[in-house]
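All remarks here apply to the structure that follows.
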Amino acid sequence: MQPSAALPLASCESVSTAPDAGPAQPDWLRRLYRGLTRRLASAASVVAVLMLGATGSPALAQPAAVERGLPDFTELVERVGPSVVNIRTLERRSSAQARNGLPEGSEELAELFRRFGIPMPGGPQGPQPPRGGGGGGGGDGEPQQRGVGSGFILSADGFVMTNAHVVDGADEVLVTLTDKREFKARIVGADRRTDVAVVKIEATGLPSVRLGDVNRLKVGEWVMAIGSPFGLENTVTAGIVSAKGRDIPGDVVPFIQTDVAINPGNSGGPLINMRGEVIGINSQIYSRSGGFQGISFAIPIDEATRVSDQLRTNGRVIRGRIGVEIDQVTKEVAESIRLGRPYGALVRSVQAGGPAEKAGLEPGDVITRFDGKTIEKSGELPRVVGATKPGTRSTIQVFRAGAMRELTVVVAEFEPEKPRRQAEAPAAKPAAVPVGALGLTVADLSDAQKRDMRLRNGVRVEAADGAAGRAGLKEGDVLLAIDNVEITSARQFEQAAGKLDRSKPVSVLARRGEWANYFIIRPQARP
C-alpha cells in the first residue's frame, strides 16, 4: 500500500513492530527492527510538520515577504482632474511696460528673473512675483498675456483657489476647465503674505475638490500634482513628501516639501494625497537653473483654507501683529545666555510705539511662549501671532538676563511697518575706554543718542579688534549687555568684562542700526 501524504506519516507510531507472518525472530533482531521503526517514525513526523508549515499552518508558517509595487494614479487623475483649472492672466501693454521698464518682447526673460529671485539687469532689484511670458501683438492699451498658472475648484458655485502671485497685477483673469469651457474670473481677494488667492467664475454644478487633513500627512508618502507647467494643461506629476513644516526665510508658511516635478505654470495647482484629497497648493521651487531640480514647496491646505475663508468673507486677511523683528536662537547663543536649549524667537528689534514696546519687550529678549503655546522655532511666532484676533490681550513669556518673565501685550492689526531709521553719527565722541581682553574700545552714549535710539543704557563701540573683531562686532555697534548683565556705562562695562572667565565664550548683546543680536566673543587667555 502506498503511503498518503501527511496523515499516515503522522500516525506511524501505531504500526506493528513485528512482521505480520513468518517464523519467530531472535530477540536481537526484534530489538533492531523496533529501533529502526521508531527512527523512521520520528523522521516522518518532522517531514509532516515541515509540510504543514509549507501549506499554511498558523503556528509555524514563515512570514511572507511584503511585496509592494508603485502606486497607480489613474483613478486619482480621473477623480480629481476635472476639478483642476488652467488660469491665464492678461495685462494692458501700457501698464506692463510702465511696470517693467522693459522693451517689447522681453517679458519671457523677465519671468525667469522674477520667478527665481534674480535681479533683472536694468530693472527693479529683489524678488518679484512670478510672471509668465507672453506676448501677443496689438497696440498700446491692448490686453496681452502675462502669465499662466493653475488652480482648483473649491465649491460647485465657482470659487477657485490659486496663488496670489498668479493673479497679482492682472487686468483680466481667464479660467479654463478641463471640458474646454472658458470663463472670465473676478478676483475675490489675494494675500501676498501667504501667497493665496481666490477667484470667482459665474458657473454652477462644477466638480469641486475634497480637502484633506495635513496632520495625517506623513513624510515619505506618495503625492500627486496636476497643473499647467509652461502652459501644458492638465499635466500630472508624482513623488513623495520630503519634509513637513519647512520654514523658508521671508515666508510665514510652514511649507510641505516634496520631490514632485513642479515648473512655472504649476503654481496654484493642487497637491493631492493617495486618498484623492488636496493637502496643499504648489507654490515654489528651489532652482539654480530656472527649472525643476528635485525640490518643490506647497502651502499646507489648512493654512490656505484659513486665508481663503477670510478672503471670501472680508476680501482681505485680518491678522495680528506685535511689532518685533525676530531671528532664530542658535545652539551657541542658547548656551552662552544659559537658556538651556535652542528654542524660541530672538527679538532683534522692537517697533517704536508698537504693542511690543508698550508691553516692555526689548531687543535681546527671547520669546519662548505666546498665549501658552511654546515657540520651538522662530518661524512659529509670526504664525501664532498672525492667527490671534487684533485687540486680544495675550501673555508673552520671555527669557531676559538669565531668567524667565511674563509680559502682557495687546495684539494690534497687521499693517505695513514704518521704514527703519538709522542712528545718526555723533557730533562729538566722548572719551573712549579700551577693554583689552575682548579687543574692544567703547564710549558712553550721549543723552541725545539714547533718545534717538530709544535706549536707556548702552555703550558705543569705537573699535573692535582681536576677539571682538573675529566675533563680528564693528565700530558703531551699541553694546547693550554682556553675559546677561545690562551695560550702563563704559566704566561699568570695563569692570564687568574684567570679572569674566577668559577660558569661556562670552555673549554680548549688541545693536546695529535697528537690529539687535548676540555675538559670541572668545576672550584671550591670561598670560
Side-chain angles (χ1 to χ4, degrees), residues 80-100 102 104-115 128-154 158-192 195-203 206-209 225-237 262-270 281-285 290-291 308 311:
V80 185
S83 303
V84 182
V85 302
N86 171 262
I87 297 179
R88 292 187 298 118
T89 57
L90 305 179
E91 188 175 28
R92 303 287 176 184
R93 177 179 294 264
S94 57
S95 60
Q97 291 178 344
R99 173 175 51 81
N100 292 321
L102 298 173
E104 181 179 347
S106 59
E107 186 71 14
E108 290 186 2
L109 178 62
E111 158 63 9
L112 292 177
F113 282 87
R114 293 192 195 97
R115 182 67 183 85
Q128 299 292 324
R131 308 279 169 92
D140 185 42
E142 264 188 41
Q144 63 173 350
Q145 183 170 312
R146 67 180 284 275
V148 176
S150 307
F152 51 94
I153 301 171
L154 285 175
F159 284 97
V160 175
M161 184 182 289
T162 185
N163 282 145
H165 73 252
V166 171
V167 299
D168 182 39
D171 292 318
E172 292 182 25
V173 177
L174 301 177
V175 173
T176 305
L177 308 184
T178 54
D179 60 8
K180 303 305 179 183
R181 286 185 292 167
E182 186 171 89
F183 299 86
K184 182 178 290 188
R186 170 177 60 89
I187 300 177
V188 176
D191 182 55
R192 294 184 182 179
D195 199 19
V196 174
V198 176
V199 301
K200 177 72 166 62
I201 60 176
E202 297 305 321
L206 299 175
S208 59
V209 298
I226 306 179
S228 304
F230 305 109
L232 302 173
E233 301 178 7
N234 307 112
T235 296
V236 179
T237 54
I262 300 296
N263 283 289
N266 274 110
S267 292
I281 307 175
N282 298 310
S283 177
Q284 299 185 29
I285 63 174
S308 67
L311 292 176

- Item | Minimum heavy-atom distance G149-V166, with the two atoms named | CA-CG1, 4.1 Å
- Item | Any side-chain heavy-atom pair of L174 and I87 under 4.5 Å | no
- Determine whether K200 and V160 make a side-chain contact, defined as any pair of heavy atoms from C-beta on separated by less than 4.5 Å. no
- Item | From I262 atom CD1 to N282 atom CG, the distance as rounded to the nearest 0.5 Å | 3.5 Å
- Item | Side chain to side chain, I187 and V173, heavy atoms closer than 4.5 Å | yes
- Message: For a quick test of reading the model, state the closest non-hydrogen atom pair linking I153 to P82 and the distance between them.
- Response: CD1-O, 4.3 Å
- Note on the structure: From the list V84, N86, V85, side chain to side chain contact (heavy atoms under 4.5 Å, CB included) with L177 holds only for V85
- Item | S267 OG to D195 CG distance, which is reported to the nearest 0.5 Å | 7.5 Å
- Note on the structure: Rounded to the nearest 0.5 angstrom, the OG-CG distance for S283 and N266 is 11.5 Å
- Measure the CG-CZ distance between N163 and R192 for me, rounded to the nearest 0.5 Å. 13.5 Å
- Query: Is it true that a side-chain atom of S150 and a backbone atom of S228 form a donor plus acceptor pair closer than 3.5 Å?
  - Reply: yes
- Note on the structure: Residues S83 and V209: closest non-hydrogen pair is CB-CG1, 3.4 Å
- Task: List for me each residue that meets side-chain hydrogen bond (donor to acceptor under 3.5 Å, both in side chains) alongside T176, sequence neighbours excluded, and say none if there are none.
- Result: E182
- Spatial distance of atom CG (D191) from atom CG (D168) [nearest 0.5 Å]: 11.5 Å
- Query: Any side-chain heavy atom of F152 sitting closer than 4.5 Å to one from I281?
  - Reply: yes
- Query: Is the shortest heavy-atom distance from the side chain of V188 to the side chain of V199 under 4.5 Å?
  - Reply: no
- Query: Atom CE of M161 and atom CG of L311: how far apart are they, to the nearest 0.5 Å?
  - Reply: 8.5 Å
- Query: Which atom pair, heavy atoms only, marks the closest approach of G158 to L206?
  - Reply: CA-CD1, 3.7 Å
- Message: Applying salt bridge (Lys or Arg N to Asp or Glu O under 4.0 Å) as the test, list every pair that has at least one member in residues 226-236; sequence neighbours left out.
- Response: K180-E233
- Item | Heavy-atom pair with the smallest gap, counting every atom of T162 and G268 | OG1-CA, 3.6 Å
